[in-house]
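Data block below; observations after.
Reminder, nothing fancy here: chain letters follow the sequence lines and each chain counts from 1.
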Protein chains: 2
Amino acid sequence: MHSSLRNHIERVVDLSDQEFGYLLAHFEYADFGKGDLIFQKGEQVVRAYYIVSGLVKLIYHDENVNEHIVSFAMEDWWESDFNAFFNRSTANYTLKCLEATKAYYISIEGYEKICKEIPKIQPFWFQKAIGGFASSQRRILSLLTNSPKVKYEQFLKDYPTLSQRVSKTQIAAYLGVSRETLSRIYS
Amino acid sequence: MHSSLRNHIERVVDLSDQEFGYLLAHFEYADFGKGDLIFQKGEQVVRAYYIVSGLVKLIYHDENVNEHIVSFAMEDWWESDFNAFFNRSTANYTLKCLEATKAYYISIEGYEKICKEIPKIQPFWFQKAIGGFASSQRRILSLLTNSPKVKYEQFLKDYPTLSQRVSKTQIAAYLGVSRETLSRIYS
DNA sequence: GTTGGGTGGTGATTTGGATCACAATATGTC
DNA sequence: GACATATTGTGATCCAAATCACCACCCAAC
(Lines give C-alpha, C1' and ligand atoms only; values in the text may rest on other atoms or scores of the structure.)
Protein backbone atom coordinates (compact mmCIF):
# COMPACT_ATOMS: atom_id res chain seq x y z
CA MET A 1 0.00 0.00 0.00
CA HIS A 2 2.40 2.67 1.18
CA SER A 3 5.19 0.88 -0.51
CA SER A 4 3.71 1.88 -3.84
CA LEU A 5 3.92 5.56 -2.99
CA ARG A 6 7.30 5.18 -1.36
CA ASN A 7 8.81 3.39 -4.33
CA HIS A 8 7.31 5.96 -6.59
CA ILE A 9 8.96 8.84 -4.76
CA GLU A 10 12.22 7.01 -4.23
CA ARG A 11 12.67 6.67 -7.94
CA VAL A 12 13.66 10.32 -7.70
CA VAL A 13 14.80 11.02 -4.12
CA ASP A 14 15.84 8.69 -1.30
CA LEU A 15 13.92 8.88 1.94
CA SER A 16 14.64 7.50 5.39
CA ASP A 17 11.87 5.56 7.14
CA GLN A 18 11.34 8.53 9.36
CA GLU A 19 11.08 10.95 6.48
CA PHE A 20 8.65 8.77 4.64
CA GLY A 21 6.58 8.34 7.80
CA TYR A 22 6.42 12.08 8.26
CA LEU A 23 5.45 12.52 4.65
CA LEU A 24 2.80 9.83 4.71
CA ALA A 25 1.19 11.40 7.76
CA HIS A 26 0.16 14.27 5.51
CA PHE A 27 -1.70 12.03 3.12
CA GLU A 28 -5.10 10.50 3.46
CA TYR A 29 -6.39 7.43 1.76
CA ALA A 30 -9.63 7.11 -0.13
CA ASP A 31 -11.58 4.49 -1.98
CA PHE A 32 -13.86 5.42 -4.86
CA GLY A 33 -16.39 3.40 -6.82
CA LYS A 34 -16.67 3.26 -10.58
CA GLY A 35 -18.39 6.40 -11.81
CA ASP A 36 -17.71 8.43 -8.65
CA LEU A 37 -16.78 12.06 -9.00
CA ILE A 38 -13.65 12.77 -6.97
CA PHE A 39 -14.08 16.50 -7.41
CA GLN A 40 -16.16 18.68 -9.64
CA LYS A 41 -15.80 21.91 -11.55
CA GLY A 42 -16.44 24.81 -9.23
CA GLU A 43 -15.40 23.08 -6.02
CA GLN A 44 -13.25 24.96 -3.57
CA VAL A 45 -10.95 22.42 -2.03
CA VAL A 46 -8.94 20.59 -4.60
CA ARG A 47 -6.50 17.89 -3.58
CA ALA A 48 -3.72 16.15 -5.43
CA TYR A 49 -4.18 12.40 -5.80
CA TYR A 50 -1.66 9.63 -6.10
CA ILE A 51 -3.47 6.67 -7.61
CA VAL A 52 -2.69 3.32 -6.06
CA SER A 53 -5.08 1.35 -8.22
CA GLY A 54 -7.84 2.12 -10.66
CA LEU A 55 -8.36 4.56 -13.47
CA VAL A 56 -9.73 8.09 -13.63
CA LYS A 57 -10.31 10.77 -16.21
CA LEU A 58 -9.97 14.52 -15.87
CA ILE A 59 -12.69 16.18 -17.91
CA TYR A 60 -13.79 19.59 -19.00
CA HIS A 61 -17.37 20.47 -19.82
CA ASP A 62 -17.86 23.24 -22.33
CA GLU A 63 -20.92 25.49 -22.40
CA ASN A 64 -22.80 22.90 -24.48
CA VAL A 65 -22.06 20.32 -21.79
CA ASN A 66 -19.90 18.39 -24.19
CA GLU A 67 -17.27 16.45 -22.35
CA HIS A 68 -13.62 16.79 -23.26
CA ILE A 69 -10.88 14.66 -21.78
CA VAL A 70 -7.95 16.58 -20.38
CA SER A 71 -6.14 13.44 -19.27
CA PHE A 72 -6.38 9.92 -17.96
CA ALA A 73 -4.55 8.65 -14.91
CA MET A 74 -4.01 5.20 -13.51
CA GLU A 75 -1.79 3.35 -11.02
CA ASP A 76 1.30 5.23 -10.07
CA TRP A 77 0.17 8.47 -11.65
CA TRP A 78 -0.70 11.75 -10.01
CA GLU A 79 -3.81 13.59 -10.92
CA SER A 80 -5.54 16.80 -9.98
CA ASP A 81 -6.60 20.11 -11.37
CA PHE A 82 -3.08 21.26 -10.60
CA ASN A 83 -3.74 24.82 -11.51
CA ALA A 84 -6.57 24.99 -8.97
CA PHE A 85 -4.54 22.98 -6.46
CA PHE A 86 -1.45 25.16 -6.45
CA ASN A 87 -3.31 28.43 -6.72
CA ARG A 88 -5.95 27.47 -4.16
CA SER A 89 -8.62 28.37 -6.64
CA THR A 90 -11.77 26.52 -7.63
CA ALA A 91 -11.64 23.52 -9.91
CA ASN A 92 -12.03 24.12 -13.60
CA TYR A 93 -12.17 20.42 -14.35
CA THR A 94 -13.97 17.37 -12.98
CA LEU A 95 -12.22 14.18 -11.92
CA LYS A 96 -14.24 11.02 -12.49
CA CYS A 97 -13.51 7.34 -11.90
CA LEU A 98 -13.63 5.04 -14.89
CA GLU A 99 -12.85 2.12 -12.59
CA ALA A 100 -13.02 1.61 -8.85
CA THR A 101 -10.04 3.58 -7.61
CA LYS A 102 -7.88 3.71 -4.49
CA ALA A 103 -5.75 6.77 -3.96
CA TYR A 104 -3.69 8.77 -1.51
CA TYR A 105 -4.38 12.44 -1.50
CA ILE A 106 -2.87 15.54 -0.03
CA SER A 107 -4.03 19.10 0.52
CA ILE A 108 -2.09 22.11 -0.65
CA GLU A 109 -1.27 22.88 3.00
CA GLY A 110 0.09 19.39 3.47
CA TYR A 111 2.09 19.72 0.32
CA GLU A 112 3.62 23.01 1.42
CA LYS A 113 4.40 21.65 4.86
CA ILE A 114 6.20 18.67 3.39
CA CYS A 115 8.21 20.85 1.05
CA LYS A 116 9.28 22.98 3.98
CA GLU A 117 10.11 20.14 6.37
CA ILE A 118 11.67 17.79 3.82
CA PRO A 119 13.07 20.18 1.24
CA LYS A 120 14.91 17.44 -0.57
CA ILE A 121 11.57 16.25 -1.88
CA GLN A 122 11.16 19.39 -3.97
CA PRO A 123 13.04 17.99 -6.97
CA PHE A 124 10.58 15.12 -6.99
CA TRP A 125 7.62 17.45 -7.48
CA PHE A 126 9.57 19.50 -9.92
CA GLN A 127 10.37 16.49 -12.03
CA LYS A 128 6.69 15.54 -12.10
CA ALA A 129 5.79 19.03 -13.20
CA ILE A 130 8.36 19.03 -15.99
CA GLY A 131 7.23 15.59 -17.09
CA GLY A 132 3.64 16.75 -17.25
CA PHE A 133 4.61 19.83 -19.19
CA ALA A 134 6.68 17.87 -21.70
CA SER A 135 3.96 15.32 -22.33
CA SER A 136 1.41 18.11 -22.78
CA GLN A 137 3.64 19.64 -25.43
CA ARG A 138 3.88 16.27 -27.14
CA ARG A 139 0.13 16.00 -27.16
CA ILE A 140 -0.28 19.51 -28.55
CA LEU A 141 2.03 18.60 -31.40
CA SER A 142 0.13 15.41 -32.03
CA LEU A 143 -3.15 17.33 -32.16
CA LEU A 144 -1.63 19.90 -34.51
CA THR A 145 0.18 17.51 -36.76
CA ASN A 146 -1.26 14.05 -37.01
CA SER A 147 -4.14 12.44 -38.85
CA PRO A 148 -6.64 10.51 -36.73
CA LYS A 149 -4.90 7.29 -37.70
CA VAL A 150 -1.49 8.47 -36.58
CA LYS A 151 -2.93 10.00 -33.42
CA TYR A 152 -4.44 6.66 -32.53
CA GLU A 153 -1.27 4.71 -33.34
CA GLN A 154 0.77 7.08 -31.23
CA PHE A 155 -1.69 6.71 -28.38
CA LEU A 156 -1.43 2.92 -28.54
CA LYS A 157 2.32 3.18 -28.57
CA ASP A 158 2.56 5.74 -25.77
CA TYR A 159 -0.03 4.15 -23.49
CA PRO A 160 -0.26 0.44 -24.29
CA THR A 161 -1.82 -0.61 -20.98
CA LEU A 162 -4.13 2.36 -20.75
CA SER A 163 -5.44 1.81 -24.25
CA GLN A 164 -6.67 -1.63 -23.28
CA ARG A 165 -8.62 -0.39 -20.29
CA VAL A 166 -10.33 2.65 -21.76
CA SER A 167 -13.28 2.39 -24.13
CA LYS A 168 -12.86 3.45 -27.74
CA THR A 169 -15.40 6.17 -27.12
CA GLN A 170 -13.17 7.63 -24.41
CA ILE A 171 -10.07 7.30 -26.54
CA ALA A 172 -11.80 9.10 -29.38
CA ALA A 173 -12.73 11.96 -27.06
CA TYR A 174 -9.14 12.13 -25.82
CA LEU A 175 -7.78 12.25 -29.35
CA GLY A 176 -10.29 14.82 -30.53
CA VAL A 177 -11.73 12.48 -33.13
CA SER A 178 -15.27 11.18 -33.50
CA ARG A 179 -16.04 7.68 -32.28
CA GLU A 180 -17.08 6.61 -35.77
CA THR A 181 -13.90 7.84 -37.41
CA LEU A 182 -11.81 6.05 -34.84
CA SER A 183 -13.77 2.85 -35.39
CA ARG A 184 -13.22 3.03 -39.14
CA ILE A 185 -9.47 3.48 -38.77
CA TYR A 186 -8.70 -0.07 -37.85
CA SER A 187 -11.55 -1.96 -39.51
CA MET B 1 19.13 44.93 -18.17
CA HIS B 2 19.59 42.71 -15.14
CA SER B 3 16.79 44.49 -13.43
CA SER B 4 14.40 42.86 -15.83
CA LEU B 5 15.50 39.38 -14.76
CA ARG B 6 15.67 40.36 -11.12
CA ASN B 7 12.19 41.83 -11.08
CA HIS B 8 10.96 38.79 -12.87
CA ILE B 9 12.32 36.42 -10.22
CA GLU B 10 11.40 38.65 -7.31
CA ARG B 11 7.78 38.46 -8.30
CA VAL B 12 8.03 35.00 -6.71
CA VAL B 13 10.96 35.01 -4.29
CA ASP B 14 12.92 37.84 -2.69
CA LEU B 15 16.65 37.98 -3.27
CA SER B 16 19.41 39.93 -1.59
CA ASP B 17 21.85 41.82 -3.83
CA GLN B 18 24.40 39.19 -3.04
CA GLU B 19 22.12 36.33 -3.94
CA PHE B 20 21.10 37.92 -7.19
CA GLY B 21 24.73 38.63 -8.02
CA TYR B 22 25.61 35.01 -7.43
CA LEU B 23 22.70 33.91 -9.54
CA LEU B 24 23.45 36.29 -12.37
CA ALA B 25 27.03 35.04 -12.52
CA HIS B 26 25.65 31.76 -13.83
CA PHE B 27 23.92 33.39 -16.76
CA GLU B 28 25.33 34.57 -20.00
CA TYR B 29 23.94 37.20 -22.27
CA ALA B 30 23.35 36.86 -25.99
CA ASP B 31 22.11 38.94 -28.85
CA PHE B 32 20.40 37.33 -31.83
CA GLY B 33 19.31 38.73 -35.17
CA LYS B 34 15.96 38.24 -36.79
CA GLY B 35 15.80 34.79 -38.30
CA ASP B 36 18.67 33.39 -36.24
CA LEU B 37 18.39 29.87 -34.94
CA ILE B 38 19.18 29.83 -31.22
CA PHE B 39 19.33 26.06 -31.20
CA GLN B 40 18.27 23.32 -33.58
CA LYS B 41 16.73 19.91 -33.42
CA GLY B 42 19.41 17.34 -32.70
CA GLU B 43 21.79 19.66 -30.90
CA GLN B 44 23.44 18.44 -27.75
CA VAL B 45 23.73 21.41 -25.46
CA VAL B 46 20.42 23.03 -24.82
CA ARG B 47 20.15 26.08 -22.63
CA ALA B 48 17.23 27.80 -21.01
CA TYR B 49 16.64 31.37 -22.15
CA TYR B 50 15.13 34.30 -20.38
CA ILE B 51 14.12 36.78 -23.03
CA VAL B 52 14.90 40.41 -22.29
CA SER B 53 13.59 41.74 -25.57
CA GLY B 54 12.46 40.32 -28.86
CA LEU B 55 10.32 37.42 -29.96
CA VAL B 56 11.05 33.79 -30.72
CA LYS B 57 9.18 30.69 -31.76
CA LEU B 58 9.78 27.10 -30.72
CA ILE B 59 9.09 24.86 -33.69
CA TYR B 60 8.86 21.22 -34.55
CA HIS B 61 9.56 19.85 -38.03
CA ASP B 62 7.72 16.67 -38.93
CA GLU B 63 9.05 14.14 -41.42
CA ASN B 64 7.55 16.16 -44.31
CA VAL B 65 9.48 19.19 -43.05
CA ASN B 66 6.25 20.93 -42.24
CA GLU B 67 6.75 23.42 -39.47
CA HIS B 68 4.59 23.32 -36.36
CA ILE B 69 4.69 25.92 -33.65
CA VAL B 70 5.08 24.59 -30.14
CA SER B 71 5.10 28.03 -28.58
CA PHE B 72 6.01 31.66 -28.89
CA ALA B 73 8.00 33.58 -26.32
CA MET B 74 8.73 37.25 -25.87
CA GLU B 75 9.98 39.70 -23.21
CA ASP B 76 9.90 38.35 -19.72
CA TRP B 77 9.22 34.77 -20.82
CA TRP B 78 11.41 31.73 -20.54
CA GLU B 79 11.94 29.44 -23.45
CA SER B 80 13.79 26.26 -24.20
CA ASP B 81 13.27 22.68 -25.16
CA PHE B 82 12.78 22.05 -21.46
CA ASN B 83 12.57 18.33 -21.83
CA ALA B 84 15.98 18.26 -23.50
CA PHE B 85 17.31 20.84 -21.06
CA PHE B 86 16.40 19.02 -17.87
CA ASN B 87 17.21 15.57 -19.18
CA ARG B 88 20.46 16.64 -20.83
CA SER B 89 19.27 15.07 -24.04
CA THR B 90 19.34 16.42 -27.58
CA ALA B 91 16.86 19.01 -28.75
CA ASN B 92 13.66 17.81 -30.32
CA TYR B 93 12.65 21.32 -31.29
CA THR B 94 14.23 24.32 -32.94
CA LEU B 95 14.22 27.80 -31.46
CA LYS B 96 14.11 30.60 -34.02
CA CYS B 97 13.99 34.37 -33.70
CA LEU B 98 11.03 36.16 -35.24
CA GLU B 99 12.55 39.47 -34.16
CA ALA B 100 16.02 40.55 -33.07
CA THR B 101 16.25 39.12 -29.56
CA LYS B 102 18.33 39.71 -26.45
CA ALA B 103 18.34 37.02 -23.82
CA TYR B 104 20.04 35.66 -20.73
CA TYR B 105 20.70 31.98 -20.80
CA ILE B 106 21.81 29.33 -18.39
CA SER B 107 23.14 25.80 -18.70
CA ILE B 108 21.65 22.86 -16.86
CA GLU B 109 24.80 22.76 -14.70
CA GLY B 110 24.35 26.41 -13.81
CA TYR B 111 20.72 25.80 -13.04
CA GLU B 112 21.52 22.92 -10.71
CA LYS B 113 24.25 24.86 -9.00
CA ILE B 114 21.92 27.76 -8.32
CA CYS B 115 19.24 25.46 -6.97
CA LYS B 116 21.76 23.96 -4.61
CA GLU B 117 23.34 27.20 -3.44
CA ILE B 118 20.17 29.26 -3.27
CA PRO B 119 17.49 26.67 -2.54
CA LYS B 120 14.86 29.27 -1.91
CA ILE B 121 14.79 29.86 -5.64
CA GLN B 122 13.35 26.43 -6.28
CA PRO B 123 9.74 27.55 -5.83
CA PHE B 124 10.34 30.08 -8.55
CA TRP B 125 11.23 27.40 -11.08
CA PHE B 126 8.46 25.22 -9.84
CA GLN B 127 5.91 27.93 -10.33
CA LYS B 128 7.11 28.48 -13.88
CA ALA B 129 6.81 24.76 -14.56
CA ILE B 130 3.28 24.61 -13.18
CA GLY B 131 2.33 27.69 -15.16
CA GLY B 132 3.64 26.14 -18.34
CA PHE B 133 1.84 22.91 -17.65
CA ALA B 134 -1.46 24.66 -16.96
CA SER B 135 -1.30 26.77 -20.08
CA SER B 136 -0.46 23.69 -22.15
CA GLN B 137 -3.59 22.02 -20.80
CA ARG B 138 -5.60 25.08 -21.70
CA ARG B 139 -4.24 24.94 -25.22
CA ILE B 140 -5.00 21.23 -25.54
CA LEU B 141 -8.59 21.93 -24.59
CA SER B 142 -8.79 24.76 -27.05
CA LEU B 143 -7.48 22.50 -29.82
CA LEU B 144 -9.95 19.78 -28.86
CA THR B 145 -12.94 21.97 -28.37
CA ASN B 146 -13.00 25.15 -30.35
CA SER B 147 -13.76 26.14 -33.91
CA PRO B 148 -11.08 28.11 -35.75
CA LYS B 149 -12.99 31.28 -35.02
CA VAL B 150 -13.11 30.68 -31.29
CA LYS B 151 -9.49 29.53 -31.23
CA TYR B 152 -8.47 32.79 -32.82
CA GLU B 153 -10.61 34.89 -30.51
CA GLN B 154 -9.19 33.13 -27.50
CA PHE B 155 -5.69 33.68 -28.81
CA LEU B 156 -6.32 37.40 -29.22
CA LYS B 157 -7.73 37.55 -25.73
CA ASP B 158 -4.97 35.49 -24.11
CA TYR B 159 -2.07 37.13 -25.93
CA PRO B 160 -3.12 40.62 -27.01
CA THR B 161 0.38 42.01 -27.42
CA LEU B 162 1.79 38.89 -29.00
CA SER B 163 -1.01 38.75 -31.54
CA GLN B 164 -0.01 42.14 -32.89
CA ARG B 165 3.61 41.18 -33.41
CA VAL B 166 3.22 37.80 -35.02
CA SER B 167 2.12 37.38 -38.63
CA LYS B 168 -1.25 35.80 -39.36
CA THR B 169 0.56 32.96 -41.04
CA GLN B 170 2.38 32.19 -37.81
CA ILE B 171 -0.77 32.50 -35.75
CA ALA B 172 -2.55 30.10 -38.09
CA ALA B 173 0.25 27.56 -37.65
CA TYR B 174 0.06 27.97 -33.89
CA LEU B 175 -3.69 27.44 -33.88
CA GLY B 176 -3.55 24.46 -36.21
CA VAL B 177 -5.65 26.20 -38.85
CA SER B 178 -4.78 27.05 -42.44
CA ARG B 179 -3.74 30.58 -43.27
CA GLU B 180 -6.70 30.95 -45.62
CA THR B 181 -9.26 29.83 -43.08
CA LEU B 182 -7.88 32.25 -40.52
CA SER B 183 -8.01 35.06 -43.02
CA ARG B 184 -11.64 34.35 -43.83
CA ILE B 185 -12.64 34.35 -40.17
CA TYR B 186 -12.48 38.09 -39.70
CA SER B 187 -13.16 39.36 -43.19
C1' DG C 1 -35.89 -13.78 -17.57
C1' DT C 2 -36.17 -8.76 -19.49
C1' DT C 3 -35.05 -4.15 -19.48
C1' DG C 4 -31.80 -0.58 -20.42
C1' DG C 5 -27.45 1.88 -20.54
C1' DG C 6 -22.93 1.65 -22.46
C1' DT C 7 -20.32 0.10 -26.34
C1' DG C 8 -18.88 -0.56 -31.09
C1' DG C 9 -19.41 -1.37 -36.02
C1' DT C 10 -20.98 0.52 -40.48
C1' DG C 11 -23.71 2.88 -44.13
C1' DA C 12 -25.38 7.45 -46.14
C1' DT C 13 -25.04 12.32 -46.22
C1' DT C 14 -23.21 16.75 -45.24
C1' DT C 15 -19.88 20.17 -44.43
C1' DG C 16 -16.07 22.82 -42.57
C1' DG C 17 -11.85 23.58 -43.58
C1' DA C 18 -7.76 22.21 -46.51
C1' DT C 19 -5.85 22.83 -50.77
C1' DC C 20 -4.98 25.04 -55.07
C1' DA C 21 -4.57 29.20 -57.57
C1' DC C 22 -3.88 33.95 -58.30
C1' DA C 23 -3.70 38.86 -57.32
C1' DA C 24 -2.36 42.84 -54.50
C1' DT C 25 0.31 44.90 -51.13
C1' DA C 26 4.20 45.29 -48.25
C1' DT C 27 9.10 44.78 -46.89
C1' DG C 28 13.56 44.28 -47.69
C1' DT C 29 18.03 44.69 -50.11
C1' DC C 30 21.52 45.18 -53.63
C1' DG D 1 14.92 52.35 -58.39
C1' DA D 2 14.11 47.62 -59.33
C1' DC D 3 13.89 42.95 -58.09
C1' DA D 4 13.07 39.32 -54.91
C1' DT D 5 10.39 37.64 -50.82
C1' DA D 6 7.00 37.60 -47.36
C1' DT D 7 2.26 38.61 -46.33
C1' DT D 8 -2.64 38.76 -46.81
C1' DG D 9 -7.07 38.44 -49.16
C1' DT D 10 -10.27 35.81 -51.88
C1' DG D 11 -12.33 32.70 -55.23
C1' DA D 12 -13.01 27.72 -56.75
C1' DT D 13 -12.65 22.94 -55.80
C1' DC D 14 -12.15 18.87 -53.11
C1' DC D 15 -12.11 15.73 -49.45
C1' DA D 16 -11.60 13.88 -44.75
C1' DA D 17 -14.04 13.65 -41.00
C1' DA D 18 -18.37 15.02 -38.54
C1' DT D 19 -22.95 14.00 -38.23
C1' DC D 20 -27.00 11.26 -38.52
C1' DA D 21 -29.05 6.87 -38.37
C1' DC D 22 -29.32 1.91 -37.29
C1' DC D 23 -28.26 -2.41 -35.61
C1' DA D 24 -25.98 -5.82 -32.69
C1' DC D 25 -23.74 -6.76 -28.71
C1' DC D 26 -22.58 -7.33 -23.85
C1' DC D 27 -23.54 -7.00 -18.96
C1' DA D 28 -25.50 -5.36 -14.91
C1' DA D 29 -29.76 -4.47 -12.26
C1' DC D 30 -34.34 -5.43 -11.16
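By the salt bridge (charged side-chain N to carboxylate O under 4.0 Å, His left out) test, A/Asp36 is found to be paired with no residue, residues two or more places apart in sequence or in another chain being considered. In this view, B/Asn83 and B/Asn87 satisfy the side chain to side chain donor-acceptor pair (under 3.5 Å) rule, not counting sequence neighbours. Take B/Arg184 and apply the side chain to side chain donor-acceptor pair (under 3.5 Å) test, not counting sequence neighbours, and it matches no residue. Partners of B/Lys96 under the salt bridge (charged side-chain N to carboxylate O under 4.0 Å, His left out) rule, at least two apart in sequence or in another chain, do not exist in this structure. Under the side chain to side chain donor-acceptor pair (under 3.5 Å) criterion, A/Arg88 pairs with A/Glu109, A/Glu112, not counting sequence neighbours. Residues forming a side chain to side chain donor-acceptor pair (under 3.5 Å) with A/Lys113 (at least two apart in sequence, or on another chain): A/His26.
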### Query
What string of B, S and - do you get for nucleotides 24-30 of chain D 5' to 3' if you count protein non-hydrogen atoms under 4.0 Å?
-------
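Only A/Arg179, A/Glu180, A/Ser183, A/Arg184, listed by number, bring a heavy atom of residues 175-184 of chain A to less than 4.0 angstrom from any atom of DNA chain C. Residues from residues 156-168 of chain A placing a heavy atom under 4.0 Å of any atom in DNA chain C, listed by number, are A/Ser167, A/Lys168.
The CD1 atom of B/Ile185 sits 14 Å away from the P atom of D/dT8 (whole-angstrom rounding). The CD-C1' distance, from B/Gln170 to D/dT7, rounds to 11 Å in whole Å. B/Ile171 places its CD1 atom 19 Å from the P atom of D/dA6, with the value rounded to the nearest Å.
A salt bridge does not link A/Arg6 to A/Asp14: none of the charged nitrogens lies less than 4.0 Å from a carboxylate oxygen. Using a 4.0 Å cut-off between charged nitrogen and carboxylate oxygen, B/Arg11 and B/Asp76 count as a salt-bridge pair.
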Contact list (N/O, under 3.5 angstrom) for nucleotides 23-30 of chain C vs protein:
none

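Within the cation-pi definition used here (under 6.0 Å to the ring centroid, within 45° of the axis), A/Lys128 does not qualify as a partner of A/Phe133. A cation-pi arrangement is present between B/Arg139 and B/Tyr174 under the rule of less than 6.0 angstrom and at most 45 degrees off the ring axis.
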#### Entry: salt bridge (Lys or Arg N to Asp or Glu O under 4.0 Å) evaluation trace for A/Arg165 with A/Glu75
CA-CA 12 Å; A/Arg165 284 163 68 179; A/Glu75 294 83 53; 2.8 Å; yes
### Query
What do the steps show when you test A/Glu79 against A/Lys57 for salt bridge (Lys or Arg N to Asp or Glu O under 4.0 Å), and what is the final call?
CA-CA 9 Å; A/Glu79 191 61 284; A/Lys57 63 175 173 180; over 6 Å; no
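Taking five base pairs at each end of the helix from C/dG1-D/dC30 to C/dC30-D/dG1 and finding the rotation axis that steps the C1' atoms of four pairs onto the next four gives two axes whose angle is 40°, to the nearest 10°.
Pairs of residues two or more places apart, or lying in two chains, never qualify as side chain to side chain donor-acceptor pair (under 3.5 Å) while including a residue from residues 37-48 of chain B.
A donor-acceptor distance shorter than 3.5 angstrom exists from the side chain of A/Ser136 to the backbone of A/Gly132, with no hydrogens or angles considered. Looking only at distances, no side-chain donor or acceptor of A/Gln154 sits under 3.5 Å from a matching main-chain atom of A/Ser142.
Contact check, B/Tyr186 against D/dG9: a side-chain N or O comes under 4.0 Å of OP1 or OP2.
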